[in-house]
Amino acid sequence: MSYELAIVGAGPAGYSAGIYAVRSGIKTIIFDKGIGGGLASLAPKIENYAGFESIPGAELMEKMKKHASKYADIHFNEEVKRIEKSNEGFNVETIHEKYAVKAVILCTGTEHRKLEAPGEKEFYGKGVSYCATCDGYFFRNKKVAVIGGGNSAVIEAIFLKQIGCKEVYLIHRRDMLRAEKALEEEAREKQINILLNKIVEKIDGKEKVEQLNLRDTVNHETSDIQVDGVFISIGEKPQNGLAEQLKIKLDSNGYIVVDKQQRTNIRGVYAAGDITGGIRQIVTACAEGAIAGITAAEVLGKKYPY
Ligand code: NAP
């Protein structure tokens, strides 16, 4: 089977791009290095995607996968290692095969940022986690801390309390949370123990996490809290390796620069979703995917309606 368009990344942007591209008459393949869904599938619940008042991220992503599979071929567990410009378009080399296509849409998203604190690497999987939905269950009736002050951190803290963690600390480095006010209020109502102006100096324990050494950023005093688990939720960084290979223009934070039609500076390469930065919501990722999926028709000699 030959394809005209390769989409890299099967998250909301990739699925949406696939649906729109195939419906525009483009032979499309989607690659994902894992099982798809992206970071959205790790969200305990999503309450701001229109049409779904409250839905677990994994469930919403499963629905998108099923929908996109009706249209595009999707190869899971097939990581794209290299993309090179060719006379005809692009050669896309995955861990299994080489594909020649005319256009590429990068929907490679972001990955979890690391705290870079002593003990973080050592105790990964032994109390340190980057995903409350995945690992929270193991900490029911135990004490946990979530590090970060954004929406994700607050949602994870609420989720951990909800599934029965005995004590949940939310530890943030500044004097106010970055998260939406409504979420902060919910966290306070649910008796999340919010510690502000605190930096994690060390994640400590013997075989597994036992305590966090904290330093106050105002009075510089140090303190310890006893926890069994620590969930690090301090944002994401762009997965831009393929973009760098193609010499695609990135902004100062490493996100791909696109125009309103999701075009990059390389003709035939488009980008959509979290990899383009901005407010990084599921709804914006889907919208960008849709635009990229339609716009890609312009390099295929197909009708480009806008
Ligand atoms: P985020 O909004 O970028 O927040 C990251 C948090 O981690 C910030 O509070 C930041 O502190 C802190 N942080 C960063 N580096 C740190 C370090 N080295 N040490 C300690 N703390 C550190 O990330 P996010 O919460 O993952 O959200 C990502 C995007 O998805 C955002 O646009 C967010 O709005 C969106 N999102 C939306 C929802 C929703 O339901 N609407 C849910 C989840 C995510 P500072 O505040 O001091 O910078």
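Atoms within each ligand, like the ligands themselves, are counted from 1 in listed order. Note that the structure is predicted; figures quoted are calculated from it, not measured.
- In terms of polar-atom proximity, Ile279 is counted as a contact of ligand 1, with an N or O under 3.5 Å from an N or O of the ligand.
- There is no side-chain donor-acceptor pair under 3.5 Å between Gln262 and Thr295.
- Protein heavy atom at the shortest distance from atom 17 (C) of ligand 1 is Arg173 NH1, 3.4 Å.
- Between Glu62 and Lys66 there is no salt bridge, since no side-chain N of the basic residue sits under 4.0 Å from a carboxylate O of the acidic one.
- Which parts of ligand 1 touch Arg280 is read off a 4.0 Å heavy-atom cut-off, strictly below it: atoms 28 (C), 30 (O), 35 (C).
- Between Arg178 and His172, the shortest heavy-atom distance links the atoms N-NE2, 4.4 Å.
- A donor-acceptor pair shorter than 3.5 Å can be found between the side chains of Glu298 and Tyr270.
- Heavy-atom proximity to Gly235, at under 4.0 Å, picks out these atoms of ligand 1: 5 (C), 23 (O), 26 (O).
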Please tabulate, for side-chain N and O atoms in residues 26-34, each donor-acceptor pair with protein atoms closer than 3.5 Å (sequence neighbours left out).
from	atom 1	to	atom 2	distance (Å)
Thr28	OG1	Ile26	O	2.9
Asp32	OD1	Gly34	N	2.7
Asp32	OD1	Gly36	N	3.3
Asp32	OD2	Ala10	N	2.8
Lys33	NZ	Gln239	OE1	3.0

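- Atom 47 (O) of ligand 1 has Arg174 NE, 2.7 Å as its closest protein atom, hydrogens excluded (heavy atom only).
- Atoms of ligand 1 lying under 4.0 Å from at least one heavy atom of Leu115, given by number and element, are 19 (N), 20 (C).
- Atoms of ligand 1 lying under 4.0 Å from at least one heavy atom of Arg113, given by number and element, are 14 (C), 15 (N).
- Annotation: Tyr71 is not in aromatic contact with Tyr20 [ring centroid separation under 6.0 Å not met].
- Enclosure of atom NZ in Lys85 by more than 12 non-hydrogen atoms of other residues, nucleotides or ligands within 6.0 angstrom is indicated.
- Here is the list of ligand 1 atoms found below 4.0 Å of a heavy atom in Glu180: 41 (N).
- Polar contact check, Gly150 against ligand 1: a nitrogen or oxygen pair lies under 3.5 Å apart.
- The heavy-atom pair separating Leu5 from Val104 by the smallest distance is CD1-N, 3.9 Å.
- On a distance-only criterion, Gly149 and ligand 1 share at least one N/O pair closer than 3.5 Å.
- Of the N and O atoms on the side chains of Glu288 and Thr276, at least one donor lies less than 3.5 Å from an acceptor on the other residue.
- Looking at every heavy atom in both residues, Met61 comes nearest to Tyr15 through O-CE1, 3.9 Å.
- Within the listing of ligand 1, atoms 40 (O), 42 (C) sit less than 4.0 angstrom from a heavy atom of Ile155.
- Looking only at protein heavy atoms, the nearest one to atom 34 (O) of ligand 1 is Asn151 ND2, 3.1 Å.
- What sits closest to atom 48 (O) of ligand 1 on the protein, heavy atoms only, is Arg178 NH2, 2.7 Å.
- Distances below 4.0 Å separate heavy atoms of Glu236 from the following atoms of ligand 1: 26 (O), 28 (C).
- Looking at atom 26 (O) of ligand 1, its nearest protein heavy atom turns out to be Ser152 OG, 2.8 Å.
- When only interatomic distances are considered, the shortest N/O to N/O separation between Lys114 and ligand 1 does not fall below 3.5 Å.
- Annotation: cation-pi pair Lys114/Tyr130 present, NZ/CZ under 6.0 Å from the ring centroid and within 45° of its normal.
- Judged by the shortest distance from any of its heavy atoms, Gln281 lies inside the 4.0 Å radius around the atoms of ligand 1.
- In terms of protein heavy-atom proximity, atom 7 (O) of ligand 1 is closest to Ile234 CA, 3.2 Å.
- Residue, atom and distance of the protein heavy atom nearest to atom 40 (O) of ligand 1 are Asn48 ND2, 3.2 Å.
- With respect to the salt-bridge test (charged N to carboxylate O, under 4.0 angstrom), the residues Glu184 and Lys181 qualify.
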